[in-house]
2 protein chains.
Amino acid sequence: MLRGATLRVTRPRLSVLSTVHAQPHLDTDSIIGLVRADLGDVSHQAVYDVLRALTTAGLVRRIQPTGSPARYESRVGDNHHHVVCRSCGAIADIDCAVGEAPCLTASDDHGFTIDEAEVIYWGVCPDCSTATHIDTAHTDPPRKDSRV
Amino acid sequence: MLRGATLRVTRPRLSVLSTVHAQPHLDTDSIIGLVRADLGDVSHQAVYDVLRALTTAGLVRRIQPTGSPARYESRVGDNHHHVVCRSCGAIADIDCAVGEAPCLTASDDHGFTIDEAEVIYWGVCPDCSTATHIDTAHTDPPRKDSRV
DNA sequence: GTACTTTCTGGAATCAGTCAAGAAACGGGG
DNA sequence: CCCCGTTTCTTGACTGATTCCAGAAAGTAC
């Protein structure tokens with residue numbers, strides 16, 4: 001898989017790749033933690049480098065909802081989007097109803113050559129929704145501190 | 001306008017508000033610069049505070065494409081989205097073709113209560129498109145360093 | 001196995017934004 | 001028009017996420 005992308009096969013890369021495959025939507029810190037649990041000492045720099053290399057090679061996808069650190073997932077190539085919980089930051093995948101390339105038909109593209117439409121749905125996940133059932137409205141949403 | 005939102009009228013607020021109205025999609029740094037040019041010394045902290053206050057009050061909207069610092073615009077209330085140039089970071093407004101609430105019909109919402117769909121189109125702006133006309137394909141896109 | 005290149009280590013540095021304490025400014029009541 | 005209480009601004013330190021750098025180590029091709 002790495003070789004297919006003309007990338008050298010190293011322990012950190014293998015570990016990061018399998019971590020991202022095992023759990024989608026992990027943030028960088030969590031990935032560093034899991035990789036270290038797997039391999040022992042690995043510099044954070046190495047993980048950042050690996051994630052960038054994998055992202056560039058198209059083996060993983062990087063997502064970064066506003067107010068959240070970068071997250072990575074292994075579902076690539078298909079056109080799917082994400083729902084983000086305003087309360088706890090949980091992320092889930094969404095296949096857009098519109099089909100292959102949703103919303104790519106902008107009404108007026110201002111001359112831009114558009115190649116991708118990125119959609120982020122904002123809402124509240126089932127867990128948080130039931131947790132704050134008594135007072136659904138006035139809990140000022142953290143929007144940060146996300147940690148899946 | 002500020003009074004309407006139960007906000008005290010101060011010089012920094014007036015300046016920030018008119019700056020954001022004058023030029024949409026400015027990043028925080030640029031706003032600080034323009035406000036200082038207008039008023040003299042103003043602390044960056046004040047601008048951050050003002051921007052947050054205005055955002056919370058719904059007088060301005062905050063947008064933050066991946067890899068770019070926060071930007072602000074005065075078009076609020078309507079449902080519009082943005083195109084971002086991969087090359088120079090320029091941003092333009094887009095009224096989604098689907099109508100009022102585009103793409104809000106996710107195929108499977110995983111139990112989330114969705115209240116907003118945020119769409120960001122990625123592409124290349126007319127300027128960059130003509131500038132790199134000779135070699136349209138292999139200019140590795142900076143994706144950062146955006147500065148409108 | 002050896003040489004060359006890419007990648008990883010360790011540490012410092014940057015960038016965007018937040019926190020905290022005290023000073024200054026706003027605006028309602030006298 | 002001035003005073004007072006609250007909100008907002010100033011100053012300056014600080015955090016979190018990410019990047020930059022130089023040298024050491026590990027992959028790969030021959």
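First the proteins, then the strands, lettered A, B, ... as listed; each starts at 1.
Evaluation of the salt bridge (Lys or Arg N to Asp or Glu O under 4.0 Å) rule for B:R75 yields B:D78, B:D93, B:D95 as partners, not counting sequence neighbours. Residues forming a salt bridge (Lys or Arg N to Asp or Glu O under 4.0 Å) with B:E73 (at least two apart in sequence, or on another chain): B:R61.
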Determine all donor-acceptor pairs shorter than 3.5 Å in which one atom belongs to a side chain in residues 33-43 of chain A; sequence neighbours excluded.
residue, atom, partner, partner atom, Å
A:R36, NE, A:V42, O, 2.7
A:R36, NH2, A:V42, O, 2.8
A:D38, OD2, A:S15, OG, 2.7
A:S43, OG, A:A46, N, 3.1

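The two residues A:I91 and A:H25 have their closest heavy-atom pair at O-ND1, 3.4 Å. A:P65 and A:V84 make their closest contact through CG-CG2, 3.9 Å (heavy atoms, listed as atom of the first residue, atom of the second, distance). Summarising the geometry of A:C125 relative to A:C85, their closest heavy-atom pair is N-SG, 3.3 Å, with the distance given to 0.1 Å.
Atom-to-atom, CG of B:L51 to C1' of D:dC9 comes out at 14 Å; the value is rounded to the nearest Å. Whole-Å rounding puts the B:R11 CZ to C:dC26 C1' distance at 13 Å. Between the CG atom of A:D49 and the P atom of D:dA25 there is a distance of 18 Å, given to the nearest Å. Atom-to-atom, CZ of A:R13 to P of C:dT9 comes out at 12 Å; the value is rounded to the nearest Å. One interatomic measurement links the two molecules: OH of B:Y48 to P of C:dA16, which rounds to 7 Å at whole-angstrom precision. Taking atom CG of residue A:D29 and atom C1' of nucleotide D:dA17, one finds them 8 Å apart after rounding to whole Å. Taking atom CZ of residue B:R71 and atom P of nucleotide C:dG17, one finds them 10 Å apart after rounding to whole Å. With rounding to whole Å, B:L54 atom CG is found 14 Å from D:dC9 atom C1'.
With B:T55 contributing its side chain and B:L51 its backbone, the two residues share a donor-acceptor pair below 3.5 Å.
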Polar atoms only, N or O, under 3.5 Å: list the protein pairs with nucleotides 28-30 of chain D and their distances.
residue, atom, partner, partner atom, Å
D:dT28, OP1, A:R3, NH1, 3.4
D:dT28, OP1, A:V9, N, 2.9

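A heavy atom closer than 4.0 Å to some atom of DNA chain C occurs in A:D41, A:V42, A:S43, A:Q45, A:A46, these being the qualifying members of residues 37-47 of chain A.
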Run the side chain to side chain contact (heavy atoms under 4.5 Å, CB included) check on B:E116 and A:Y121 step by step: do they pass?
CA-CA 6 Å; B:E116 184 189 348; A:Y121 300 93; over 6 Å; no

Applying side chain to side chain contact (heavy atoms under 4.5 Å, CB included), run through B:V47 and B:I31 and close with a yes or a no.
CA-CA 8 Å; B:V47 178; B:I31 294 174; 4.0 Å; yes

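The rotation axes computed at either terminus of the helix from C:dG1-D:dC30 to C:dG30-D:dC1 lie 30° apart, taking five pairs at each end and rounding to 10 degrees.
By the 4.5 Å heavy-atom criterion applied to side chains, B:R13 and B:L7 are counted as neighbours. Within the 4.5 Å cutoff, the side chain of B:R71 has no heavy atoms near those of the B:L26 side chain.
At a threshold of 4.0 angstrom between heavy atoms, the contacts of B:A70 are confined to the sugar-phosphate backbone, with no base atom among them.
Between D:dT18 and A:T28, a contact under 4.0 Å exists linking OP1 or OP2 to a side-chain N or O.
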